[in-house]
There are 2 protein chains.
Amino acid sequence: MTDSTARVSPGVPGTRPTRQRRAVSEVLSSFEDFRSAQEIHTLLGQRGESVGLATVYRTLQLLADAGEVDVLRSEEGEAIYRRCSATHHHHLVCRSCGATVEVEGPAVERWTAGIAAEHGFSDISHTLEIFGTCPACS
Amino acid sequence: MTDSTARVSPGVPGTRPTRQRRAVSEVLSSFEDFRSAQEIHTLLGQRGESVGLATVYRTLQLLADAGEVDVLRSEEGEAIYRRCSATHHHHLVCRSCGATVEVEGPAVERWTAGIAAEHGFSDISHTLEIFGTCPACS
DNA sequence: AGATCGATGAGAACGCTTGTCAACTCGCCG
DNA sequence: CGGCGAGTTGACAAGCGTTCTCATCGATCT
Ligand SMILES: [Zn+2]
Ligand SMILES: [Zn+2]
Ligand SMILES: [Zn+2]
Ligand SMILES: [Zn+2]
């Protein structure tokens, strides 16, 4: 406390760059579509960069908390992950091939906020995903 | 087959009116909020209308397939159910007590359709749910 | 009533996710 | 450079929601 230097990074959990974290991060960067934790775990094994399943889950959670990946639930309830741009957005996903397009819409953001306020709800979050068949798959 | 009377109900699976199915249906009608299958199972027990957990799941699936209940996933991935109106709508759900408001918005419907068309996607569906804290829970 | 076939319930099985904990690593300091 | 300490890892077990299995029950039709 009396120390003048404010070291932030070291000493703070979840900040150490390890082989495993880099590997997970790289795999995420190499895909455009949403993938489950288990798929990522398998892919890592195939690449020869074996990483424990628990570590994959932990790393994905870190990345999600840091806002570096988007998490959403497949219709079966499985969590799927994808590296996304930092700003708030939603997704247009192809049901057949998984291709994903990030979409934005100030109008929708305003609408949800308005609806929530109108009913006195606070601390709002929302999910909005669009599913369809992409041109290539039609 | 050569019989002229077209009997639909008998012989078709998932159509027999039993005590258990009526019980589940009634419990659903007595609540305004989304509830998990397990909560419904517990509630049935408390009412003295004990129903097996597997049967609760089966019945909820039947009702969902028939469009009589809406199913959505809580943020933790659990499936939650609620008897809803027949027309297309979305939900404003309290994270803490489960209180639910059905909301509609032609603007949003138009927006999603527009985005999808813009990217050449066809056969569109969408999910849109708003989560927050209701006035009573603030 | 008897036959038929869907429906039920108890428990096992399943798949995804999280917890446990000893061994390990990275970064730091002497 | 070697040791120290806190964060990190991995194998495994445990947790949880959901589905499956199968013997038994019961609704409907004859
Ligand atoms: Zn496609
Ligand atoms: Zn949004
Ligand atoms: Zn509430
Ligand atoms: Zn809609």
Side-chain angles (χ1 to χ4, degrees), chain A residues 3 5-27 34-45 47-66 69 71-81, chain B residues 1-27 34-45 47-66 69 71-81 98:
Chain A
D3 189 10
T5 61
R7 295 174 308 138
V8 183
S9 283
V12 176
T15 55
R16 200 128 84 187
T18 63
R19 173 185 70 78
Q20 290 86 342
R21 291 184 180 172
R22 241 167 296 140
V24 171
S25 199
E26 278 165 24
V27 163
F34 282 90
R35 300 282 171 147
S36 73
Q38 318 229 20
E39 282 177 318
I40 292 168
H41 172 248
T42 301
L43 287 168
L44 284 166
R47 287 194 174 198
E49 289 264 43
S50 181
V51 176
L53 180 57
T55 300
V56 172
Y57 274 104
R58 281 184 295 237
T59 304
L60 287 171
Q61 230 158 37
L62 282 177
L63 291 172
D65 291 347
V69 300
V71 191
L72 65 87
R73 300 258 171 197
S74 70
E75 290 184 354
E76 296 82 42
E78 196 178 6
I80 48 182
Y81 305 82
Chain B
M1 346 269 191
T2 57
D3 188 9
S4 58
T5 60
R7 297 172 309 137
V8 184
S9 287
V12 176
T15 55
R16 201 127 84 186
T18 63
R19 173 186 71 77
Q20 291 87 340
R21 291 183 181 176
R22 239 168 296 139
V24 170
S25 198
E26 280 166 21
V27 162
F34 279 90
R35 301 281 172 148
S36 71
Q38 319 229 19
E39 282 177 317
I40 291 168
H41 172 248
T42 301
L43 286 167
L44 284 165
R47 289 195 174 196
E49 289 264 43
S50 182
V51 176
L53 181 56
T55 301
V56 172
Y57 273 104
R58 282 184 292 237
T59 305
L60 287 172
Q61 231 159 38
L62 283 177
L63 291 171
D65 290 347
V69 300
V71 192
L72 63 88
R73 298 260 171 196
S74 70
E75 293 182 346
E76 296 82 44
E78 198 179 6
I80 48 182
Y81 306 82

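All chains are named by letter (A, B, ...) in the order of the sequence lines, taking the proteins before the strands, and each is independently numbered beginning at 1. Every heavy atom of this structure was used, including side-chain atoms; hydrogens, water molecules and symmetry mates were not.
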Please state how far atom [atom1] in [X] lies from atom [atom2] in [N], giving the value in whole angstrom units.
X        : N       : atom1 : atom2 : answer
Leu62(B) : dT19(D) : CG    : C1'   : 14 Å
Glu75(A) : dT18(D) : CD    : C1'   : 17 Å
Leu60(A) : dC16(C) : CG    : C1'   : 13 Å
Glu78(B) : dT17(C) : CD    : P     : 14 Å
Arg22(A) : dT25(C) : CZ    : P     : 14 Å
Ile80(B) : dC16(D) : CD1   : C1'   : 16 Å
Glu39(A) : dT17(C) : CD    : P     : 11 Å
Glu49(B) : dG9(C)  : CD    : C1'   : 16 Å

Taking only residues two or more places apart in sequence or in another chain, which ones pass side-chain hydrogen bond (donor to acceptor under 3.5 Å, both in side chains) with [X]?
X        : value
Arg73(A) : none
Glu75(A) : none
Arg47(B) : Ser30(B)
Thr42(B) : none

N/O to N/O distances under 3.5 Å, protein versus nucleotides 9-14 of chain D:
from, atom 1, to, atom 2, distance (Å)
dT9(D), OP1, Thr18(A), OG1, 2.7
dT9(D), O3', Gln20(A), NE2, 2.9
dG10(D), OP1, Gln20(A), NE2, 3.1
dG10(D), OP2, Gly52(A), N, 3.0
dG10(D), OP2, Thr55(A), OG1, 2.8
dG10(D), N7, Arg58(A), NH2, 2.7
dG10(D), O6, Arg58(A), NH1, 3.3

Checking side chain to side chain contact (heavy atoms under 4.5 Å, CB included) between Leu44(A) and each of Thr55(A), Val51(A), Leu53(A), which is the one that passes?
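Option passing the side chain to side chain contact (heavy atoms under 4.5 Å, CB included) with Leu44(A): Val51(A).
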Mind listing the side-chain donor-acceptor pairs of residues 17-24 of chain B below 3.5 Å, one per line with the distance, residues two or more places apart or on another chain?
from, atom 1, to, atom 2, distance (Å)
Thr18(B), OG1, Arg21(B), N, 3.3
Arg19(B), NH1, Glu49(B), OE1, 3.4
Arg19(B), NH1, Ser50(B), O, 3.4
Arg19(B), NH2, Ser50(B), O, 3.2
Arg21(B), NH1, Arg16(B), O, 3.1

So, is Tyr57(A) close to the dT18(C) phosphate, meaning a side-chain N or O under 4.0 Å from OP1 or OP2?
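Answer is no, no contact under 4.0 Å.
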With heavy atoms under 4.0 Å as the rule, sort Gln61(A) into base, sugar-phosphate or nothing.
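Sugar-phosphate, backbone atoms only, no base.
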